[in-house]
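One structure below.
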Number of protein chains: 2
Amino acid sequence: MNQEKKIPDCPVEMTLQLIGDKWKVLIIRDLLTGTKRFSELMRSVSGITQKVLTSHLRNMEADGLLTRKVYPEVPPKVEYTLTETGYSLKPILDSMVTWGTNYKNRLD
Amino acid sequence: MNQEKKIPDCPVEMTLQLIGDKWKVLIIRDLLTGTKRFSELMRSVSGITQKVLTSHLRNMEADGLLTRKVYPEVPPKVEYTLTETGYSLKPILDSMVTWGTNYKNRLD
DNA sequence: CGGTATCCGCTAAGATACTG
DNA sequence: CAGTATCTTAGCGGATACCG
């Protein structure tokens, strides 16, 4: 369902199609600091449910933003890591941090 | 309904709360080039409906991202302009454009 | 022209239970 | 631990009609 989307002309729409979702941005924020396990993401992306986290991670994997590595052991262990493409989103996140900080200060 | 949101600690969440919506990003993109009338936005933000555009514009006005100016004439004329705060989102949009362009090129 | 006012379908997302 | 599998619900957004 994620791979059937048409490619938009507008670069902004292109970007939105991949990370236009609130949860995705938060997932990327948390993966920018390094590889994380599923349970770690559940904790750091506060408020998300298992189902939603799973589905977003799958979509992002299909879009080439992150990789999923399963360790065949008991108990299971799955790690998620940003690809180069995913990591290249950092500037966007950085500007969001900068802006958010300024906006917040302006509220005080 | 937009003014009752709690202020998040995380700057990224702060930003997402204000422009975490796909439509809002597109509205800002189109207003970055200057003041626009309602009907112009309807055209440039392709795919949006009147109701949704109206409600987003109202929310963004309440958040201080843009101003709404009504000209008391017939036929009515309403103009929307980014505030300084709204305009300060430009770096975020710019990085989205850059990223989207690169990603698209990578698809070819 | 620039909106409201309804009605309503759809799907993202929540809750809960179960499993390899 | 890291998921499926169901079922359920909220509310976003579409369609349409009407108004100042």
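In what follows, chains are A, B, ... by sequence order, proteins preceding strands, each numbered from 1.
Computed from coordinates, the A:L57 CG to C:dA12 P distance equals 16 Å when rounded to whole Å. Between the CD atom of B:E79 and the C1' atom of C:dG3 there is a distance of 16 Å, given to the nearest Å. Summarising the geometry, the separation between CG on A:L53 and C1' on C:dA13 is reported as 13 Å, rounded to the nearest angstrom. In this entry the distance linking CD1 of A:I27 with P of D:dA2 reads 15 Å, nearest Å. Here the P atom of nucleotide C:dC7 and the CD atom of B:Q50 are 19 Å apart, to the nearest Å. A:M42 places its CE atom 10 Å from the P atom of D:dA2, with the value rounded to the nearest Å. As rounded to whole Å, 20 Å separates atom P of D:dC1 from atom NZ of A:K69. For the pair A:E73 CD and C:dG20 P, the computed distance is 19 Å after rounding to whole Å.
Close to C:dC1, at under 4.0 Å from its OP1 or OP2, lies no side-chain N or O of B:R37. Here B:R58 reaches the OP1 or OP2 of C:dG3: one of its side-chain N or O atoms lies under 4.0 Å away. Note on B:T49: a side-chain N or O is less than 4.0 Å away from OP1 or OP2 of D:dG14. Distances shorter than 4.0 Å separate none of the side-chain N or O atoms of A:Y80 from OP1 or OP2 on D:dC1. Contact annotation: B:H56 side-chain N/O to D:dC12 OP1/OP2 distance is not under 4.0 Å.
The side chain of A:F38 lies closest to D:dA2, out of C:dG2, D:dA2, C:dA13. Nearest to the side chain of B:P76, among D:dT4, C:dC1, D:dG14, sits C:dC1. Of the candidate nucleotides C:dC1, C:dG3, D:dG13, C:dC1 has the atom lying nearest to any side-chain atom of B:P75.
Taken to the nearest 0.5 Å, the OG1 atom of A:T54 stands 3.5 Å off from the CZ atom of A:F38.
Between A:T83 and A:T67, the side chains place no donor N or O within less than 3.5 Å of an acceptor N or O (distance only, hydrogens not considered).
Hydrophobic clustering of Ile, Leu, Val, Met, Phe, Trp and Tyr side chains at less than 4.5 Å, counting indirect connections, unites A:I19 with A:I7.
DNA chain C is contacted by both A:W23 and B:R68; B:R68 maps to the nucleotide lying nearer its 5′ end (nearest heavy atom per residue).
Taking the ring axis of B:Y80 as reference, the NZ or CZ atom of B:K36 does not stay both within 45° of it and closer than 6.0 Å to the ring centre.
In terms of polar N and O atoms assigned as donor or acceptor, the side chain of B:K77 never comes within less than 3.5 Å of the base of C:dG2 in a complementary pairing. Judged by distance alone, with hydrogens and angles left aside, A:K51 brings no side-chain donor or acceptor close enough to the base of D:dG3 to form a pair under 3.5 Å.
Salt bridge present: B:E13 and A:R29 bring a charged side-chain N and a carboxylate O closer than 4.0 Å.
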